[in-house]
Amino acid sequence: GAEVVINGSSSPAVVDRSNESVKHNIQPASSKWRHNQTLSLRMKQILKFLDAEKDISVLKGTLKPGDIIHYIFDRDSTMNVSQNLYELLPRTSPLKNKHFGTCAIVGNSGVLLNSGCGQEIDAHSFVIRCNLAPVQEYARDVGLKTDLVTMNPSVIQRAFEDLVNATWREKLLQRLHSLNGSILWIPAFMARGGKERVEWVNELILKHHVNVRTAYPSLRLLHAVRGYWLTNKVHIKRPTTGLLMYTLATRFCNQIYLYGFWPFPLDQNQNPVKYHYYDSLKYGYTSQASPHTMPLEFKALKSLHEQGALKLTVGQCD
Ligand code: CTP
């Protein structure tokens, strides 16, 4: 069968801003890219220890209110499963028996601005978005369709002012209502510090009967994803949401298309790129403090793009 060569390096990612974007030029160009079915199937086999159906969320039967959970990244800190969290645990997996022909995973890079990719993104059978990123005002470039959206607890602080007043609570509520039955994926057990924020969101969903299918990933997902990339010699400190979503999607999507993955300050034509398409957050991936190794992840994804296992779009859509 085809051999999967994922070209990551274990050396720390050194960011040389002068030629970073040139180094990461995407080949083949969009029009020449061909899906490599053999390779996609092989990726699926390699990943068989990852079970998207199971790993996307802890199910109701496995926890009860009051249970103590150790945070995945802060093993010494614990949290209790609240009544609300328990209520919102799915009874059956939101991905049960789900398989899709083509999926889009939309990262949040400013490279999406002026891409005109909205229609193309919305044409995929399953669309995954990250961290409740806004869509309405950016529909031309990012599309509207959302089948699954992630929400790190920190989003409540960053994008919704920690719900300090009724206006912000209303804003979040509107955003949640707009999800309209899609999956809301909340990594509540990853890192300490987000407990209250997760609780506020849970409360809001229950109180206002928001129509979302909540999912709370377990430790299993992280082990599986990390293990998988380590096997391929890609030493990822803490996988980003985007990489978790890609890895998960390999299990239930035939073809995978990535948009908005570009952790560099200049685009391929040397023009500045915002870190997020929708806010003024600055690049943090170069700092020692950042738990992520985004450029390293990007290198691995780029290598998979070159082999046809996934398609990265980092410019305009046709
Ligand atoms: N991303 C990217 N380039 C950027 C910004 C984001 O490739 N300039 C990808 C990353 O895979 C990231 C995903 O898009 O996980 C979602 O972006 P964001 O919401 O910014 O994620 P972060 O909060 O930065 O990181 P995480 O949620 O992974 O902790």
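In listed order, ligands and their atoms are each counted from 1.
For atom 23 (O) of ligand 1, the nearest non-hydrogen atom from the set Lys274, Met245, Glu297, Arg158 comes from Arg158. When Thr240, Asn131, Leu112 are checked for heavy-atom proximity to atom 19 (O) of ligand 1, Asn131 turns out nearest.
Taking a cut-off of under 4.0 Å to the non-hydrogen atoms of Gly260, the atoms of ligand 1 that pass are 1 (N), 2 (C), 7 (O). Atoms of ligand 1 lying under 4.0 Å from any heavy atom of Thr241, numbered from 1 in the order shown and given with element: 15 (O), 26 (P), 27 (O), 28 (O). Atoms of ligand 1 found under 4.0 Å from any heavy atom of Asn152, numbered from 1 in the order shown, are 26 (P), 27 (O), 29 (O). Contact atoms of ligand 1 toward His276: 18 (P), 19 (O), 20 (O) (distance under 4.0 Å to a heavy atom of the residue). In the vicinity of Cys130, heavy-atom distances shorter than 4.0 Å reach the ligand 1 atoms 16 (C). Applying the 4.0 Å criterion to heavy atoms of Gly107 picks out, from ligand 1, the atoms 14 (O).
Inspection of the Ser303 and Gln307 side chains reveals an N or O donor paired with an N or O acceptor under 3.5 Å. Checked by atom type, the side-chain pair Tyr257/Glu120 shows no donor-acceptor distance below 3.5 Å.
At the shortest separation from atom 6 (C) of ligand 1 among protein heavy atoms lies Asn108 N, 3.9 Å. The nearest heavy-atom contact from the protein to atom 25 (O) of ligand 1 is His292 NE2, 3.5 Å. The protein non-hydrogen atom at the shortest distance from atom 2 (C) of ligand 1 is Trp262 N, 3.5 Å. Nearest protein heavy-atom contact of atom 24 (O) of ligand 1 is Tyr275 OH, 2.7 Å. Considering only non-hydrogen protein atoms, atom 4 (C) of ligand 1 sits nearest to Ser109 CB, 3.5 Å.
Not a single donor-acceptor pair under 3.5 Å links the side chain of Asp141 to the backbone N or O of Cys117.
For Gly242, a nitrogen or oxygen atom sits less than 3.5 Å from a nitrogen or oxygen atom of ligand 1, counting backbone and side chain alike.
Residue Ser57 holds its OG atom at 10.5 Å from CG of Leu184, rounded to the nearest 0.5 Å.
Tested against Asp122, the residues Arg140, Arg129, Lys145 include a single salt bridge (Lys or Arg N to Asp or Glu O under 4.0 Å) partner, Arg129.
With a heavy-atom cut-off of 4.0 Å, Phe264 does not touch ligand 1 at all.
Within the 4.5 Å cutoff, side-chain heavy atoms of Glu170 are placed close to those of Leu173. Counting only heavy atoms from C-beta outward, the side chains of Ile236 and Val225 never approach each other to under 4.5 Å.
Using a 30° and 60° split on the angle between ring planes, Phe189 and Tyr216 fall in the tilted class, from 30° to 60°. The aromatic rings of Phe264 and Trp262 lie perpendicular to each other, with more than 60° between the two planes, well past the 30° mark.
Between Phe261 and Tyr246, a ring centre-to-centre spacing not shorter than 6.0 Å is recorded.
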